[in-house]
Structures are given as C-alpha cells and as structure tokens.
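A, B, ... follow the sequence lines: proteins, then strands. Residue 1 opens every chain.
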Number of protein chains: 4
Amino acid sequence: MIKRIGVLTGGGDCPGLNAVLRAVVKTAIVKYGYEVIGFKDGFKGLVDNKFVKLELDDVSGLLDRGGTILGTSNKHNPFKFPVNVDGNTEYKDMSKRVLENLDMFGIDCMVFIGGDGTLTTARDLMKMGIKGIGVPKTIDNDLSGTDTTFGFMTAVYTATEAIDKLHSTAESHHRVMILEVMGRYAGWIALEAGISGGADVILIPEIPYDINKVAQKVMERKNRGKSFSIIVVAEGAKDVEGDMVVNKVVEDSPDPIRLGGVGNKIAAEIERITGIESRVTVLGHLQRGGTPVPYDRILSTRYGVHAVELINQGKFGMMVSLKGNRITEVPIEEAVGTLKTVDPDGELVKIAKSLGVGFGD
Amino acid sequence: MIKRIGVLTGGGDCPGLNAVLRAVVKTAIVKYGYEVIGFKDGFKGLVDNKFVKLELDDVSGLLDRGGTILGTSNKHNPFKFPVNVDGNTEYKDMSKRVLENLDMFGIDCMVFIGGDGTLTTARDLMKMGIKGIGVPKTIDNDLSGTDTTFGFMTAVYTATEAIDKLHSTAESHHRVMILEVMGRYAGWIALEAGISGGADVILIPEIPYDINKVAQKVMERKNRGKSFSIIVVAEGAKDVEGDMVVNKVVEDSPDPIRLGGVGNKIAAEIERITGIESRVTVLGHLQRGGTPVPYDRILSTRYGVHAVELINQGKFGMMVSLKGNRITEVPIEEAVGTLKTVDPDGELVKIAKSLGVGFGD
Amino acid sequence: MIKRIGVLTGGGDCPGLNAVLRAVVKTAIVKYGYEVIGFKDGFKGLVDNKFVKLELDDVSGLLDRGGTILGTSNKHNPFKFPVNVDGNTEYKDMSKRVLENLDMFGIDCMVFIGGDGTLTTARDLMKMGIKGIGVPKTIDNDLSGTDTTFGFMTAVYTATEAIDKLHSTAESHHRVMILEVMGRYAGWIALEAGISGGADVILIPEIPYDINKVAQKVMERKNRGKSFSIIVVAEGAKDVEGDMVVNKVVEDSPDPIRLGGVGNKIAAEIERITGIESRVTVLGHLQRGGTPVPYDRILSTRYGVHAVELINQGKFGMMVSLKGNRITEVPIEEAVGTLKTVDPDGELVKIAKSLGVGFGD
Amino acid sequence: MIKRIGVLTGGGDCPGLNAVLRAVVKTAIVKYGYEVIGFKDGFKGLVDNKFVKLELDDVSGLLDRGGTILGTSNKHNPFKFPVNVDGNTEYKDMSKRVLENLDMFGIDCMVFIGGDGTLTTARDLMKMGIKGIGVPKTIDNDLSGTDTTFGFMTAVYTATEAIDKLHSTAESHHRVMILEVMGRYAGWIALEAGISGGADVILIPEIPYDINKVAQKVMERKNRGKSFSIIVVAEGAKDVEGDMVVNKVVEDSPDPIRLGGVGNKIAAEIERITGIESRVTVLGHLQRGGTPVPYDRILSTRYGVHAVELINQGKFGMMVSLKGNRITEVPIEEAVGTLKTVDPDGELVKIAKSLGVGFGD
C-alpha cells in the first residue's frame, strides 16, 4: 500500500521536466491521495537528504516553465559519489545511504526522471530493493525503449528557428552558414531540424561524411544559381576517417567541444575547398532552454500521469514509453544501455535525400 | 509511364500546404524527372483550366510559408459546379470537362491535397478513370485513415499560446476566460491545446456538457483560493440538451457561428450562475495562418515525398497516411466519409481528468 | 523621511505591470532601504485593507510575466465605492477610509500604476493629502503626458503577428480579412500594427471612414491582380455618419461590443459592395496577455526605477513619463483628462498613405 | 528633375533592410512616379554594373523578410576595389567607373543604405558629384546622427529570448551562464538585452571590467541563496588591463573572434575564481537574422519613405534620422566617423545599477 512517493530529476535539463513533475504531483495527490517528496539536484539529494514536500501549489504554473524546480545534476552517481576527503574529491559507494534515507522517511517508491545514466543508476538501486518507475528524458531522443522523449521537439523547434534566421544572412551575403546542434551519438536533432528548416546538407554521427562531397553539394548549388548553402551538423558528426573532432588547442577550456567543434572544422574546410565564405553558429545551451512546445507539454503530462498509474498498479521496474501514439511501459532493463540512432537507410534519411539534401556520403 | 503530374489544393487553407507542394515538386522533378502542373483554386482550376507549370524555383522558400501558392476553394465541386446563367448561379456537372482537360494537357495523374470534401470528390473523379493520389489535410485532425494531419499541430500551438496569454488576464482580474477554438465535429484542438495550456475545463463535441457542472468546477477552484478559471471550448461543443448553439439573431451576418457561438453562450451562463466576470476570445482564422511548426513541416514533407513515390509505384487510389511513426498509405475509399472523433473514454481524456480537468460531464 | 511605500495596479491589465512592480521593489529595498506594501486589486485593497508585504523574493522572475501579481480592478473607485447594502450594491465615498488605512499602517507614500481612471482617482486622493507618484499604463497608448506607455508595443507585436497569420489565408482564399484591434478612442494600435503588418486599409476613430472608399481600395487592388486585402480596424472606428457601432441585438450579452463590433459591420458591407468574401477576427483579450516584449520590459523597468527616485527626491504629485528617449516626470494633473489621439495629418498617417494604405477618407 | 533613382544595401545584413527597400520602391513609384534601380551586393554592383529594375511586385511581401533581396557586401569599396590581376587580388580606385555607370544608365540619384563604412564611401562619392541620400543601418546601434537604427531592436529581442532560455538551465544546474552578444565598440545590445532579460552582470566595451568584481557579484548572489547567475557580455568588452580578447591559438580559423572570444575567457576565469560551473553561449549570426520585430518594421518603413521625400525635396547629402519620436535628417558628414557609445554615467546604466546589476566596475 503506497502512501508516500519520491521523485527526482537527473542529468542535463530539458524542456518538459517541470511538466512531468506537475503531472506526477497532481495525479498522485488528487487522484490517489499519495504524498510526494521531491529530492533536490538528482541523486545528490537522495544521498544528502535534501528534499522538499511537493504540494499542489508548488506545481501550479509549471506547465510552461523550462528547467526543473528540483534542480538536477549529472555528477552524483550514488555508487560513485564524490566525497570531500581532506580537500580532495574521492568517489565512494553511497547506495546503502539511499536505502536508509528512503526507509527513514517512509518513501514507498521513487519516480526517476532522467536519461540513460540516471535510469541505469535507478535500475541498479532497484536491484538493491528500491521500488521505482522510470520516466525517459533525453534532448537527443536517443533512448531505446520509447519512440520519443520530451524536450526533443522543443530542441528541433529552436534549431529550426535558428536555420530560418541564418537563411537570410546566407542569402544576403552569399555564404555557407553552418549550424552545429546537439547530438553526440545520434543525429536526430540535426536530421529533423535539417528537414524542417530546409537545410542543403545534414551531417550526423550515423553517416560519416566526406568533406569533398559536402563541398561538391555546395558547388552544385552555386552552379545552379544558388549562391548560398545551409549545413546542419550534429556535434558528434565525424568524417570518413572516423575521428570525432576535438580541437586540441583549446581542450583545457571550460567547454572544449563547443569551442573547437566539428562545425568550425567543416567551415574551414568548405571555405578552403570552395572559396565561399563560411560561418558557424553553435546553438549549444539554447536548445535545452525555454518553454516547452505543446507537443512536449502534452507528452510530459502523459508520462507523468502514467508513471503514477504504474505505481498504483504496482508495476515497478518499468519505464513509461511512447509507442506510436500510445503511452505504455517497458522494463527499464530493456531501455538502458543501447542507443537509438538514426538508420542511414531509414525513411527520414530517404525523405531528405529525395529532396536533394546531401549527407556527405 | 508517367511524364506529367497535376496537383491541386482544396478546402480551407492550412499551415503546411506549401510544404507539401514543395516536396511534391522537388521529388517529382529531381528524383523522377516528372513535369508538375499546379491547378489554381482547387477544383475550380481543373474545370476552368487555370494552371501554372511548377518549377524548382517556384517552390524555393515555401517550407515555412503558410497558405497555398496555388490558392484554394471550398465551393467548386466539379460535380455541382457553380455556373453563371443569366446572372443566376446554377450548379452543373462539369466532371467530364475535368477529364477532357487532363487529357488535353497530357496530365497522367493527379495529387489531390485536401480534406474529406476534396478527397470524396477526388474518389468520384477516380471512378471516372482519373489516376490520383490523396494527401490528407484537416486542421481539425478529424480525418479517418491517418493518425495526424499537418496543420493541426500548428493550430494546437497557436491555441496554446492564446491560453498562455489569457492566463495572466484571468489571474489579474479574477475572471473566467473562455477560448473558443476550431472543431465543429471533433474536439482534438480543444483537447490537446487544453492539456498543453493547462485549461481547467475542456468542452468538446464528443462529450455533451452540463453547464451546471462547468460552473461547479469554477466554484470549486474559487473555494480552493483560485479566483480564476480557463475554459477551452470547441466551436462544435453542445450541451446535454443536444443542440449546437447557433445564435439566431445574427445568423444573417457574414460569419454567423463566430458571432453568436458557443463561447458566448457559456460565458453568459457561467457569469449568471457563478457571478464571476467571464470573457470570451474566439480564436478563429488565426488558427489557420502563419508558418507551420517544425512537426508540421516535417509531416508535410513526408506526405509530399511519399505521394510521388506512390505515383512512381503506380499505387493510384491511395491516400498517404501516418500510422504511429510510419508513413504509409490507405485506400482513399476507406479514409473518407467517417470522422475520427475523440474517444470520451480514451487515454487523452483520462489523462486530462487525472489532472483534475473538467469536461462538464 | 520615507520608510514605507505602498503600491497598487489599477484598471485593465497590461504586459509590463509586473516588471514595474519588480523595479519599484528592487530599487526601494536595495537602493533606499524602504519597505514596500502591495495593495491587492487596485483601490479595492486600499479600501478593504487587503495587502501584502513585498520582498525581493516576491518579485524574482517577474520581468517576463504578463499580468500583475497584485491583481487589479477597474470597478473600485474609492470615491464611489460599491458597497453591499441589504443585497443591493450602493456606491459610497470611502476615500477617508483610504487615508485612515494608510495612516494606520504607516505608509508614507503611494505608487499608483494605472491609466486615466486610476490616475484621476490618485490625483483626487492626493488633494486630500496623500503623497503619491503616478506610473502611466494604457494598452491603447492614449495617455497624455508621455510619449509611450508599456504594454502598447507588446499589443502592436501581437496584432502584427495576427496580421502576418491572416495574410496567408487572405491570399489563399482571395478574401478580405479584417482584424479588429483595441483602441476605443485612439487608433494607435491599429495604425502601428497596420503599418508593421502591411495592411491595405487602416480604420481609426480619428479618421471617420466612408465604406465606399474602403470598398474602392479593395477593388483597386483586385483590378491590379491582388485578389485579397487586409483591413485593420480599431474597435472605436466610426463611419462618416459619426455613430460608433453597437450591435443592438446582442447588447445584453456579457461582451456586447466585441460581439457585434465594427469589424463585423465592415465585413458585411464590404462583402455586399464588392462581392468578395470577407472575414473578421476580433483580437480582443489576446492583446493584453503574454510576456512583454523587450521594449516594454525596459520601459517598465525605467518607469519603476524612476518612480522610486522621485519618491527619494520628494517630487510627489508627479507622473513618470517618457519624452523622446528620456525618462522624466510631469504633474499628474497635466497628464489626466485629455486623450492623446492620432493626428490625421501627422507623420505616421502620412507614411502609411505614401505606401498606398487607405484610411477610408 | 528626378526620373530614375538607384538604391543599394551595404555592410552586414540586418533585419529591416528589405522593409526599407519596400518603402523606397513603393513611395518612389506610386507617389512620385520615379523608376527604381537596385544595385546588387552593395558597391560591387555599382562598379560591376550588376543591377535589377525594381517594380512594385518585387517588393511585395518583403516587410517581414530578413536580409536584403539586393544582396550585400562589406568588401567592395569602390575607392579600393578588389580586382583580380594575374590571379592575385589588387585594390584599385574604381570610383570614376561608378560615375560613368550612373551616367550611362541615367540614374539621377542614389539611396545608400548602410553603416559607417557604407555611408563614408557614399559621402566620398558625393564629393565627386553623385547625388545621394543615406539611410543608417547598424545592428549595434552605434551610429552617430540618429537615436536608433533598425535591426537593433530585433537583435535585442533575439538576445532577450536567449537569456530567457539560459535562465532555466542556469537555475536547474546552479551554473553561471554567459551570453556573448554583438557589440565590438558599443555595448547597446548587451545593455538593453541585459536589462530586458534580467541579467545579473552586464559587461560592455565602455566600462572596462575587473573580473574579481564580476566574481564577487556571483558569490554575493550565491550567499543570498541564488545559486546561479546570468552574465551578458558584448563581444568587445575588455578588462581593466585594456586589451580586447583575441584568442591567438585559433586566430587562423575562419571566425577567430567568435571562437576564442571574451565570453570563453570570462567563463574560465569565473569558474576558476568561484568554483561554480560556467558555460558560454555565443549568439553570433542569430542576431542578424529573422523577421524584423514591429518596431523595426515601422522604423525601416519611415526611413524608406523619408529618404524618397528628401529626394523629392532635393535635400541631397543628408541621412534620414530618428530624433526622439520624429523622423528628420542630418548631413551625412556629421553622421559618419564618430561612434555613438554607451555613456557609463547615463540613465540606462544607472537604471541597471539601481536594480543591482553589476558592470564589473
């Protein structure tokens, strides 16, 4: 018999986290009469016992707010928890502390909202006896076990708006404009935003690119009277040599990948090969922020409500999931560990190629 | 062997029509070497022989433009075509003229982009021997045979933004704000925008409402310290008496439903019952306009490309369709004539009810 | 020596009210060490002693939120205050109560944020001895004594977006689309949004229109091959006969002007004269809502800071004001009672006419 | 007697250029019956005789389109014009060619739309006898002789939206988020967007910053329980040592300033001093793109109309200008050569300081 549930948000922030929290709290309190405890800053709050009781008023007005009111962290795995020992950081297994804390505060089960890392940790805690439900979160949309995750569509929206904006400069200045978007291992944002924004070239990790073929596409356009081109590139795109770009000269900076990322490499090479001015924009953190688009608000809400329904049905160890148009659930075990990447021969890539989009292959 | 294809857009305009046209033209010309002829103003152009050859340059920059460059009409059914006879409008069967025209200009097959009306007409023309492919369009998302149609998500976006805006006035003035959205027979826009915008009450044609229960929900909120409420109502919502509202005193105006619509009726009744100031906003044509959101741009593009693929495969008589995440096709015959309405016991309604949303039932 | 200041927001809500409150509270507390008391729902809170102490945390995150956290009312003039007497509403002079309340709670002076009505009342209270500063607020931008008021630019933005959206439908359907915007006595929103959105006809209260000249402009466009027209009309526009439109058949509805407003009258007449389909959209409350645009956030902030500076300088009886690019102040006395209307021979009207825009004159 | 006027757009692109072109063409043709010739890619088209006749249809629909349909260039000064000589670029004085071209095509006068560089060149051409009118353009708003230039407000809007988006990530992750915006010599965008977005620190070229004072502001906030901070920095901000940051390791890249700009330097230093995670976003080209906001559409339109009025009045050598709310004109001579920078003791900086914003001074 469930009386009190806990909830946390882990990993990078994502539009829709607050909407999930709102749906969890409203459904838990109004429909089932559960109490809800929110842990602060992901697993950190679970180890350090930083939490807050969540009431209806706390989630009022959250639907359209980006970020997470609980805070989040991607550095506090309870199995390798950073502990300050004589001024140095050591990593210790604090997982038993988590169990003790949940027991002490009478928390019957947890809702873990997070990506592959958070859900893997959640699974390992569940093996120790914690009851839990997973809610998938990844801005990159690369989680197995669900068709879509919230936040992704907002990121596609932000990236599409950026392409729309770059278009006018590209055309006015006869330039190649390159937009570098998120996607370290999977190119979903680049692919969908590229189609949505009418990009001429889309480069993704799943399809290694030959820079000469990219340049050729740009020149083909020029020869047809189109003096500009738009290239969308996922941060994890790699050329046919197989190496992902990490610009060594700046790697000791706080943000190494962004600084000397693949977008800059491509710009330099395209300009060298074609002689056409090329400029890069790195979209970066803007993709994570802002109010979620309606698609994500609805998906987040469905996830949050369904997570509480699963608790009510006692279906622990499951992750809520979207399959086609239907909200369902899959074992967390099946959802973690494998990335969902773009199929180079799949429909979306074919669609783009039918329109003449180049992938550098 | 296909050489020249025709295309037309029929019925009310919808964000994404131009994106479909762009995808059809690009795929047809670049991938298959077809010529593309665009007929003007729906079936009117097909009868009156008003057309334009569509080249790649004509569809450049169309992805983010609302409306349709071909123009559209919802009054020119070739089987009952309005003809001016001595100053009076008579309706004649001009369907043979359509066949003659297509024959005369060497058009091998047609792409019909439209809703239930347009596709029913298309089906009837196909029975006379025309080869055709259907592309489903309905802002209300009420077409059978496909999970989603383009333009719908943009309308949900526009309606959600409107709810977000009404929120601040509702709260500042302690009012009931009512937003009337499209949906004469199906409440999809009201339902999804209502969930997405955090409405307190959602009224749709599929669930007849009892105004006293609506008022009761408003008063419950007031008693909990929430001095305002947001109601989203589909234009076709009807009360438990079963009559759709048509305000008779203004029915000879150019826009009768909008003027004295259900939103106004509800506002008057809520204000009378609860004593709380109630205000209506009728979103109207704003829902059809503007640049399509990325979801719709991508869906439109997939539809347009797939329509040409079906032509290439000789699969005439089919309508492109989204099933889950997959683009496929269904016989037009199966897609027309039946509306896809909201299931009052379906998941989305349940989700909303779990959050405490009232439906007046 | 000032220790405690009060603040209220009166009249219709407007984007930027919260930004003013934030600036007042931050400047008062951080820079001058004043305490700030916020009265609820305009003058109602001042009579009924409903207030809240405003701390820095209360105004955190307010910059981009529409509405007013204090609530507002346009029905509670302390000189004619509605009082329930045996179930009937009677109006009594409660102005002395206001003085007693301010005295009782040690409020040294007030910041009155509101339009002509609110500031007139404020002036009358000041004649009784209350020290006060005015902050001008009018979505219509029709207040004398200042070049611009916050919220107006946000309304122009919303109306421009609406015109952009109506454009695609107008063009696709070959229709006349009419957008009715706010402006009962002054046509600023219609004029600026009309220029910004590229309207073909702009109708404002300051320039009585001849419907035949409006129809003529529509026909001129049609004859030049432009099959559609966009008309922006202020709600207070009147024809050369001189009567403002109030549709009598619906005047007992909760929202009489909106229902049978001037937009509908014009649509009916244009359709009758030209034979071209005409459709109306009434923008209504959407103009008041939503997050303020940067222009308004900055102006609100400047107003709020300057109001507190005036308190510090002891310049009571003044209203903050924008003159050109400079924030300054004018006596409230001079600012109220006279509307700032559009000059029919002024630069903006001339600009529009140079572009071929019709005003129906 | 003027019969034919020429127009060109020079320098970096800017939202509103097309709106100016539309206003020039409409006013010239409809009101005065002039012919309009548009030169391509700034002064390049004037030397190379690349031009197009502009008709009403060419400027239809331009009001809301970013960029410039004429194209632009910031590398083609006719006095030092790049010429290919045996495969090498040499710079020659081609100014006489300009005069010959204008004479040959019967162009009576020119409208030069551009920034300090373009207008300086225009002035020098006028000294040789060309009649011309200037229209000021600078995204940075740093041109003397006018209060505001079009495009600037759109850039402030884009930067404010970016701050709004970074807010949620900053708060959720307890980070310092740094937004680097345009402004090499003047900090107007950083200042106005910083106030509008509620930044905690604003760093501009006009106020050299001490990084320790910036860090101190961040720590003050942390000590007050605000675990995050937002810093907006103009690309030209410099520390008290006086050197603008140019990261040498990447200076041979296509986009040196952007790569190793001041934002990255500040992030590294703040993280080092405070120990708080700091992240940079470089807004870059996104500020130049997209549809102009209504403020800029109106200002562009007023500029364009007034430029043609000045031609009609024979007031050559003047630049259109906004003074307060009034469109007027100033001698081009007075407008070029001096930058309009932020006054460190001016009202806007004081406003920001009253709210507690730090400037690192």
Structural part of [X] lying under 4.5 Å from a heavy atom of chain B:
{"X": "A:Asp164", "answer": "side chain"}
{"X": "A:Ile351", "answer": "both"}
{"X": "A:Ile327", "answer": "both"}
{"X": "A:Lys226", "answer": "side chain"}
{"X": "A:Asp64", "answer": "side chain"}

With a 4.5 Å heavy-atom cut-off, do [X] and [Y] have their side chains touching?
{"X": "A:Val293", "Y": "B:Val293", "result": "no"}
{"X": "B:Tyr295", "Y": "B:Thr154", "result": "no"}
{"X": "B:Val233", "Y": "B:Val181", "result": "no"}
{"X": "B:Thr146", "Y": "B:Val330", "result": "no"}
{"X": "A:Cys14", "Y": "A:Ile139", "result": "yes"}
{"X": "B:Ile113", "Y": "B:Val7", "result": "yes"}
{"X": "A:Pro15", "Y": "A:Thr291", "result": "no"}
{"X": "B:Ile2", "Y": "B:Cys109", "result": "yes"}

task: Identify the heavy atoms of A:Leu62 and A:Arg22 that sit nearest to each other, and give their distance.
output: CB-CB, 4.3 Å
query: Minimum heavy-atom separation for B:Val349 to B:Pro344, with atom names?
result: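 Shortest heavy-atom contact: CG1-O, 3.4 Å.
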- prompt: Checking side-chain contact (heavy atoms from CB on, under 4.5 Å) for the pair B:Trp188/B:Val342: CA distance, chi angles, key distance, verdict?
  reply: CA-CA 7 Å; B:Trp188 294 108; B:Val342 174; 3.6 Å; yes
message: Counting only heavy atoms not in B:Lys222 (residues, nucleotides, ligands), do more than 12 fall under 6.0 Å from its NZ?
response: no
Between [options], the one whose heavy-atom pairs under 4.5 Å with chain A are most numerous:
{"options": "B:Val30, B:Leu355, B:Thr27", "answer": "B:Leu355"}
{"options": "B:Ala159, B:Gly197, B:Gly356", "answer": "B:Gly197"}
{"options": "B:Pro294, B:Pro292, B:Gly324, B:Ala19", "answer": "B:Pro294"}

task: Would you check, one step at a time, whether the test side-chain contact (heavy atoms from CB on, under 4.5 Å) holds for B:Asn141 with B:Ile189?
output: CA-CA 8 Å; B:Asn141 205 31; B:Ile189 293 178; over 6 Å; no
- request: Under the side-chain contact (heavy atoms from CB on, under 4.5 Å) rule, what do A:Thr341 and A:Asp142 come out as? Steps first, then yes or no, please.
  value: CA-CA 6 Å; A:Thr341 55; A:Asp142 58 1; 5.8 Å; no
query: Based on non-hydrogen pairs under 4.5 Å, which of A:Glu347, A:Lys31, A:Lys353, A:His167 is most in contact with chain B?
result: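 Heavy-atom pairs under 4.5 Å are most numerous for A:Glu347.
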field: Top of A:Asn325, A:Leu348, A:Ile195 for chain B proximity - count of heavy-atom pairs under 4.5 angstrom
entry: A:Asn325
task: Tabulate, in ascending numerical order, the residues of residues 297-304 of chain A having at least one heavy atom closer than 4.5 Å to a heavy atom of chain B, or enter 'none'.
output: A:Arg297, A:Ile298, A:Thr301, A:Arg302
- request: For chain B, find its close neighbours in residues 307-315 of chain A: heavy-atom separation under 4.5 Å, sorted by number, or none.
  value: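 Contacts with chain B: A:Glu309.
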field: B:Asp57 portion near chain A, given a 4.5 angstrom heavy-atom threshold
entry: side chain
task: Could you please spell out the steps behind the side-chain contact (heavy atoms from CB on, under 4.5 Å) verdict for A:Leu56 and A:Lys26?
output: CA-CA 6 Å; A:Leu56 288 178; A:Lys26 282 196 151 196; 4.1 Å; yes
